[in-house]
Amino acid sequence: MGDEGVQRMEFMLALRQRGISDKAVLRAMDEVPREHFVEPRFADSAYADRAMPIECGQTISQPYVVAYMTEQLSVKPHHRVLEIGTGSGYQAAVLSRLAREVVTLERYRTLANGARSRLKTLGYSNVEVLLGDGLGGEPIRAPYDRIIVTAAAENIPPALVEQLAEGGIMVLPLGPHEGPQDLVKLTRTKDGIQRETLIPVRFVPLLPGQAREL
Ligand code: SAH
């Protein structure tokens, strides 16, 4: 087996060892070629379990955190998923293997365009990449069965809670921009919103408005 094959085997093993057990999630992680989502200079270490810089000063999340958030979302094949923070498009690609449809919003034009063409080339045709401010969600297509936010919010964005379907689940990192953040899971029930704190995480900040730079 070549180096890449070994790295991918170790990658899958590490996810299992860290506790990812949902078979569909593991399959999705196995299927999506991460080397196409990192910058070319990092292609050799694409399967290392760490976050990496992408354009516009942003990051592609660590594979374990992508798998963990995806597992916590309990995505079913008929679900429509909203993602805030497209970045490289990697998390959206993983979700697209599990859901009927993924809508993902990014505030940087460069990242949105890059992710859109990457996802198209790789054949992930059930993902729609939109340029815009994720704090407002995408009300025209609401409600969503699942919402995932991949940038840290200081407070729960009310528009996103409004766009969550009944029985819906939202996973988001919450906390100060440069400080300790927790992954939080919100579930919308008939009686209101249930909140559960998951694991400590470190994400780039969720910032308001479309980015002024490209
Ligand atoms: N899910 C990405 C990780 C992206 S990092 C991946 O798999 O690669 C978080 C992303 O959120 C960044 O690209 C950042 O520009 C974006 N972001 C931050 N605030 C945002 C907002 N208000 N609306 C949309 N995107 C936002």
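All residue numbers in this chain count up from 1 along the given sequence. All values derive from a computational prediction rather than experimental measurement. Numbering of ligands and ligand atoms starts at 1, following listing order.
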Checklist entry - Just checking, is any N or O donor in the side chain of Glu35 or Tyr47 under 3.5 Å from an acceptor N or O on the other one? => result yes

Checklist entry - Do Met170 and Val81 belong to the same hydrophobic cluster, where Ile, Leu, Val, Met, Phe, Trp and Tyr are linked whenever their side-chain heavy atoms lie under 4.5 Å apart, directly or via other members? => result no

For each nitrogen or oxygen atom of ligand 1, which protein N/O atoms lie closer than 3.5 Å, and how far apart are they, rounded to 0.1 Å?
{"unit_1": "ligand 1", "atom_1": "1 (N)", "unit_2": "Glu83", "atom_2": "OE2", "d": "3.0"}
{"unit_1": "ligand 1", "atom_1": "1 (N)", "unit_2": "Gly85", "atom_2": "O", "d": "2.9"}
{"unit_1": "ligand 1", "atom_1": "1 (N)", "unit_2": "Thr150", "atom_2": "OG1", "d": "3.1"}
{"unit_1": "ligand 1", "atom_1": "7 (O)", "unit_2": "Gln91", "atom_2": "N", "d": "3.0"}
{"unit_1": "ligand 1", "atom_1": "8 (O)", "unit_2": "Ser88", "atom_2": "N", "d": "3.0"}
{"unit_1": "ligand 1", "atom_1": "8 (O)", "unit_2": "Ser88", "atom_2": "OG", "d": "2.6"}
{"unit_1": "ligand 1", "atom_1": "13 (O)", "unit_2": "Glu106", "atom_2": "OE1", "d": "2.7"}
{"unit_1": "ligand 1", "atom_1": "13 (O)", "unit_2": "Glu106", "atom_2": "OE2", "d": "3.4"}
{"unit_1": "ligand 1", "atom_1": "15 (O)", "unit_2": "Glu106", "atom_2": "OE2", "d": "2.7"}
{"unit_1": "ligand 1", "atom_1": "19 (N)", "unit_2": "Leu207", "atom_2": "N", "d": "3.0"}
{"unit_1": "ligand 1", "atom_1": "22 (N)", "unit_2": "Asp133", "atom_2": "OD1", "d": "2.9"}
{"unit_1": "ligand 1", "atom_1": "22 (N)", "unit_2": "Leu207", "atom_2": "O", "d": "2.6"}
{"unit_1": "ligand 1", "atom_1": "23 (N)", "unit_2": "Gly134", "atom_2": "N", "d": "2.7"}
{"unit_1": "ligand 1", "atom_1": "25 (N)", "unit_2": "Arg107", "atom_2": "N", "d": "3.3"}

Checklist entry - Can you find a side-chain donor-acceptor pair between Glu83 and Thr104 that sits under 3.5 Å? => result yes

Item to check | Pairwise side-chain contact, Arg118 with Ser88, heavy-atom cut-off 4.5 Å (strictly under) | outcome: yes

Item to check | Geometric class of the Phe37/Tyr124 ring pair [parallel <30°, tilted 30-60°, perpendicular >60°] | outcome: tilted

Checklist entry - Is the shortest heavy-atom distance from the side chain of Glu39 to the side chain of Glu55 under 4.5 Å? => result yes

